[in-house]
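Quick note on labels: first sequence line is chain A, next is B, and so on, each numbered from 1.
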Amino acid sequence: MARMTMIEAIRDAMDVKMTQDRRVVVFGEDVGYFGGVFRCTQGLQAKHGKERCFDAPINEGGIVGAAVGMATYGLRPCVEIQFADYVFPAYDQITQEAARIRFRSNQDFTCPLVIRMPTGGGIFGGQCHSQSPEACFTHVAGLKVVIPSNPYDAKGLLIAAIEDDDPVIFLEPKRLYNGPFDGHHERKIVPWAQHELGEVPEGHYTVPLGKAIVRRPGADVTVLVYGTMVHVAQAAAEEIGIDAEIIDIRTLLPLDLDTIERSVAKTGRCVIVHEATQTSGFGAELLSVVQEACFYHLEAPIIRVAGYDAPYPYAQEWAYFPGPDRVGRALRDVMEG
Amino acid sequence: MARMTMIEAIRDAMDVKMTQDRRVVVFGEDVGYFGGVFRCTQGLQAKHGKERCFDAPINEGGIVGAAVGMATYGLRPCVEIQFADYVFPAYDQITQEAARIRFRSNQDFTCPLVIRMPTGGGIFGGQCHSQSPEACFTHVAGLKVVIPSNPYDAKGLLIAAIEDDDPVIFLEPKRLYNGPFDGHHERKIVPWAQHELGEVPEGHYTVPLGKAIVRRPGADVTVLVYGTMVHVAQAAAEEIGIDAEIIDIRTLLPLDLDTIERSVAKTGRCVIVHEATQTSGFGAELLSVVQEACFYHLEAPIIRVAGYDAPYPYAQEWAYFPGPDRVGRALRDVMEG
Amino acid sequence: MTQTRRPRLHVPEPPARPGQTPSFAHVPLSPAGAVACPPVDVSPEDTKDFASRLIRVLDDEGRAVGSWADFLGASEGDVLRRGLRDMMTTRFLDQRMLLAHRQGKTTNYAASTGEEAITCGFQRMLSPGDMNFPTYRQSGLLVSAGFPLTNFMGLQFGNDLDPLEGKNLPPMHSSKAHGFFTVSGNLATQYVQAVGWAMASAIDGNDRVAAAWIGDGATAEGDFHSALLYASVYRPPVVLNITNNQWAISSFVGIAGGHVPFATRAHGYGLASLRVDGNDFLAVLAVSKWAIARARQGYGPVLIEWVTYRAAAHSTSDDPSVYRPKEEAAAWPLGDPIERLKRHLIAAGEWSEERHEQARVEIEEEVLSAQKEAESRGTMIGGGGGTAPLSAMFEGVYKEMPEHLRRQRQKAGI
Amino acid sequence: MTQTRRPRLHVPEPPARPGQTPSFAHVPLSPAGAVACPPVDVSPEDTKDFASRLIRVLDDEGRAVGSWADFLGASEGDVLRRGLRDMMTTRFLDQRMLLAHRQGKTTNYAASTGEEAITCGFQRMLSPGDMNFPTYRQSGLLVSAGFPLTNFMGLQFGNDLDPLEGKNLPPMHSSKAHGFFTVSGNLATQYVQAVGWAMASAIDGNDRVAAAWIGDGATAEGDFHSALLYASVYRPPVVLNITNNQWAISSFVGIAGGHVPFATRAHGYGLASLRVDGNDFLAVLAVSKWAIARARQGYGPVLIEWVTYRAAAHSTSDDPSVYRPKEEAAAWPLGDPIERLKRHLIAAGEWSEERHEQARVEIEEEVLSAQKEAESRGTMIGGGGGTAPLSAMFEGVYKEMPEHLRRQRQKAGI
Ligand SMILES: Cc1ncc(C[n+]2csc(CCOP(=O)(O)OP(=O)(O)O)c2C)c(N)n1
Ligand SMILES: Cc1ncc(C[n+]2csc(CCOP(=O)(O)OP(=O)(O)O)c2C)c(N)n1
Ligand SMILES: [Mg+2]
Ligand SMILES: [Mg+2]
């Protein structure tokens, strides 16, 4: 077992699969010789050759469109979009094409494809390097949507995603690349090397898609959370001393309904946290499925903590980011509610 | 007062504004000489000239991108996307540009722009002429999202949208263009001429954005609904004889929270209906705001009736479409729940 | 130019609207045989002249002339007769589907009347394992690939003969076995997908060729640019076809920037391109053979503008008499592909009026009997939907049905 | 070509990687004065030759030669000295911002070192009411339009001198008053917006000109195609600029299909285009004057490929020594724009080493004093964010704050 950053874990996942399976190809802007602006593909071109890891023109629609063609041929492309904020030129190819090729052809063609992209804020990236667009994908039947919160999961989920026979949107919380950021921007970041989930097995293993995990068992309130916010929620719960059951959703689509329902049925309370803007965010779906399944267990209104309904600001980042304070307040409110 | 179809009402709204305000220009695929595939712009080019109503290349990103440029210049473009299913090549320009120009420039530039498009199913259009993508827009801060359910509202809301100083997504339920379709596809369609909301005043009037309307007051259950589903819900409630309060949301973003909260506080029950796929649909947001504000009033779980989480099928349209049967069942369930 | 002028918005107009005299003076033509056939490894640079000229093989007397005729080789009567038959079948099939639409048995169709040479000729030159990325107006690809007519009609009628089980709008077929990629309703998306597929073929060390297809109108989409760019950068074995039939619903080619021949778009990307008489079956065969050979041998992509005319309405929802002169089709200078091939075959002694009439009868019988069988399994009549299985609508969203969809299906009782 | 070859994926590589000898043999050059200046109403067709040639005015001795020099007219010393000053200011401003970044006072910057002639020259030829649609690497447009340096730095430092109140990432400015459209982080979107803005100008009966700007790398986006297409169809008063600085982060121009000069892309759309030495301030002035006049008088759009070199890192997050030879900048054949203009002015007797040194001192003082003032209002140091007002983050999402946002602000207590 090696200690790895999330970047290394992601790179390792691609390396393992490229080594095992000649159908796996990796491309995207700056991913070839240079190895990607976050260095997630560093060394892959040198090891696996220019034809299997290469630079793409700055044209996200083309990256995904070409990848769809490759996937229907029989390859397993794993492409990088440089920032999740830049995925939208590819939105048509993702939602109208990749997601629906299996269905519309009645399984004559399939589209095994992974679209990786760094997501979320916390790096003073302003409105164009900070967005969390997961809800733009969770509404789309035919897609799977995955967000890891640590190196162990990142590698296992990415391998599972590459092996999956359907298109997977793989969102990488960039603020977690180098350590488990808990929202305390004023503190020094703890590196993954000091975190147990920074321990990453060598070689092949998977973390199954579609399964949430209880990060911290608790009795008082269920916290539904994913990505960076897993660590923020953990910090918040510890700081205010509430016995929260923290569930790392990991796969947003399809959702692990059982794990969620079981927990809320037990705790009777629920807080949902995400960084994306609140209105029509994925929190709305989480809230809805909990309400539908656990209505008679609920002892207080479910609370959403989310990004304010404004574009991601630059200088005001820490007032905007739903940090441990805001999450803590919601935890208190839900206990009193 | 004239009796109009929804197509005529929409055309009239553009005509009124083009006559009043030289800044208003209309363009899109086939909208010029021909007058649009649904004929919504018929006659506008002949009346207002080729420079104010013209055909555009088949390039939705370009249509919206050019319109953004025009809007920032000081015009008020009102563009047509031929089907809502084809808006996605413009998704980047809408969500990253139009929606954020006011914010990111701190109001140095603004983007008054209306993007009209036919939405929803019911015409055997299959997966590429039937989608209801409203939730892809309601998550985007900076946009307004409007869906009329009748000719009167369509004209008043479209005039309000053109006069609005922010970008508006204007979704036109194509199954309502010619009459108030209630989901009974086996029956003959009633034309708007026989419906009181087919009465459309001449000249200028507005229906304000951001205001829902109670279509049918009721005591037992609140039904939150918009577009085609307004008529389906009305039919369903009448058929099973439940005293439902039917609220036509009309503007999905920003939402009329007061009207919704007041109603559910009164009825204690809520059913939400839309045609779009359920997961992460706009129903999730409606459910969430009701749950957050009215938790202590709720006597039963809120129920969503929505499109199944699959691409819109062709031959199975009526099994897929959430018709009066499915809505009726939900109304019964919520009363028993 | 000394006087000060002001900018004006230029809104292109077609040469004629209903009531006016049609004209195709803006379409550059060349005499048959005038444009020479270059080697298949010609450099893109050396194809620049082709964009404003028109490759034609059949002359007005129906003779095959020029170096493209030579490249095609001895006109094999069988191949040409097969092509004639495919075109006639396609045309009659189109007619039947339009009629079935008027009878309410199906809800949407797009005929390719006048454009059959392009699909039926190109398909003939493909090999098993190659893949078309077609549009909705290319039934000829399926017909000439031998796709069963009953399955074709099953999709039109939404019944259990439809291999897609009612999931996709007619005529949006899918048949991997026939080298026919699943058609999208969203224009142009398939164009860059074809390039990606061809990249995969190259990465895989294979020589399978992808054929991308797009209409003149749809070249306006961003995906068209993506496709040309990726083809330019990675040089995979792809043939980039543009079917320029002069119209995109009610918009004439000028709205798509067609005042410049579409073949010219290739130049800015360093791609080879050709411009071809799409109503000349022999030109189609010759150029298809050339382009597919070029791609298969790794000499790079080629863009082909096939010049033709959409003689039919855009689709069953369209009435072209509203926006173009009724006489326009008759004014089209490149004639009808079936008539032209027929005349060539007769002139070459390979065909006769009698054989033609006999073929017509056979084809009509074949199509009608397929239709009879297909209709017996149910049609879309009455607006109630097709008879394809309801459960299909939950299947194939993913490889395995996820829990939330399973619950929805359960609740639906389907 | 008789042998059977197979397709291979072609993955373009730059001529040199770190440790190898840089080369620009693939960049077509022309001697100064060799390319003639056409009339401003030249037909697009007649500009085809320009794509593979390079318009240059300054020769190696710093003399202005050829018909472009004539078109520019008597070199007015004031305009040129102003240009030199703007370029020097831009360069020093860049240096200060890079330093401020290393000191943690700001979080992102993109320098335009080596590319200053393009922005500072083009801006000089615009008129009030015209509008640039710029990228993040064009501080020179702001500097030469007279945008206050304190406001420029306010945005860098996220404080209350920022006219945008901390809302947008540096250096993404907006100043309508200075003809500078709000910069987007999303590449290429502004290119088609500029065309739309110019369409509006034409519809409005106005002659205001839009200037679209894009980098070589970003020409790959679909919006680039949209822009060229809309410009081709509607012919509005827009100048379509491409700043080809040879690199897009770590990707060389070949990845964007730049083995063909980008100016060539215009041909397929029937647009006029020129290819220009972007490091030659006089060539920039002359061509800008020509293109803007052409647009303003309604003779149609023109695409200009400005050939230059990104001497700086892509941005403060980039280290180019990882992917290109350190010696590459020195090997760039078109020299440094400031040095070249200085030499010309001195040769023309309009300038001297002394005056240059004096100007340098003045400029540095001006920039430093602005920086002092700007920093006194707070910087981004320490990672806690800027001092711009927190409430700004809820304002300006819409003209009027909607209820749901009002509630969120209330709850936030901001
Ligand atoms: C993205 C998208 N935009 C718009 C449409 C609507 N539409 C369907 S066919 C068509 C015209 C296409 O014309 P062309 O590409 O010339 O093909 P043709 O119909 O002539 O074969 C349009 C606008 C669509 N299907 N997809
Ligand atoms: C849509 C989009 N995709 C990717 C990026 C990330 N990105 C920022 S700058 C850049 C390179 C741009 O290169 P070029 O257009 O040549 O401009 P230059 O930086 O050389 O001035 C990339 C890929 C982005 N900002 N937007
Ligand atoms: Mg066409
Ligand atoms: Mg560049």
A.B. asks: Looking at chain B, which one of Gly337(A), Ala300(A), Ala276(A), Ala135(A) has the largest number of heavy-atom pairs inside 4.5 Å, strictly under?
C.D. replies: Ala300(A)

A.B. asks: Could you tell me which portion of Val140(A) (side chain, backbone, both or neither) has an atom closer than 4.5 angstrom to a non-hydrogen atom of chain B?
C.D. replies: neither

A.B. asks: When you measure from the side chain of Ser288(A) to the backbone N and O of Glu285(B), does any donor-acceptor pair fall under 3.5 Å?
C.D. replies: no

A.B. asks: Indicate the atoms forming the closest heavy-atom contact of Ala310(A) with Phe103(B), along with that distance.
C.D. replies: CB-CE1, 4.5 Å

A.B. asks: Could you tell me which portion of Phe88(B) (side chain, backbone, both or neither) has an atom closer than 4.5 angstrom to a non-hydrogen atom of chain A?
C.D. replies: both

A.B. asks: Do any N or O atoms from the side chain of Thr277(A) and from the backbone of His139(B) form a donor-acceptor pair under 3.5 angstrom?
C.D. replies: yes

A.B. asks: For Gln96(A) and Asp85(B), work out which heavy atoms get closest and say how close.
C.D. replies: OE1-O, 3.5 Å

A.B. asks: Within this structure, what is the CZ-SG distance for the pair Arg100(B) and Cys128(A), rounded to the nearest 0.5 Å?
C.D. replies: 7.0 Å

A.B. asks: Contact between Gln291(B) and Leu287(A) at the side-chain level, heavy atoms closer than 4.5 Å - yes or no?
C.D. replies: yes

A.B. asks: Using heavy-atom distances under 4.5 Å, tell me whether Tyr296(B) contacts chain A through its side chain, its backbone, both, or neither.
C.D. replies: side chain

A.B. asks: Give, as side chain, backbone, both or neither, the part of Glu299(B) having an atom under 4.5 angstrom from any heavy atom of chain A.
C.D. replies: backbone

A.B. asks: Determine the interplanar angle of the Tyr91(B) and Tyr91(A) rings, folded into 0 to 90°, and report it as parallel if under 30°, tilted if 30 to 60°, perpendicular if over 60°.
C.D. replies: parallel

A.B. asks: Pick whichever of Val87(A), Leu298(A), Ile302(A) has the most heavy-atom pairs under 4.5 Å with chain B.
C.D. replies: Ile302(A)

A.B. asks: Ignoring hydrogens, what is the shortest heavy-atom contact between Leu253(A) and Thr279(B)? Give both atom names and the distance.
C.D. replies: CD1-CG2, 4.0 Å

A.B. asks: I need the minimum non-hydrogen distance between Asp309(A) and Ala141(B), along with the two atoms involved.
C.D. replies: O-CB, 3.4 Å

A.B. asks: Between Glu60(B) and chain A, with a heavy-atom cut-off of 4.5 Å, which part of the residue counts as in contact: side chain, backbone, both or neither?
C.D. replies: neither

A.B. asks: If we define contacts as heavy-atom pairs under 4.5 Å, which of Phe295(B), Tyr314(B), Phe137(B), Tyr308(B) has the most with chain A?
C.D. replies: Phe295(B)

A.B. asks: Please tell me if the side chains of Val289(B) and Arg304(A) come closer than 4.5 Å, counting only heavy atoms from C-beta onward.
C.D. replies: yes

A.B. asks: Can you tell which part of Ala99(B) gets under 4.5 Å to a heavy atom of chain A, answering side chain, backbone, both or neither?
C.D. replies: neither

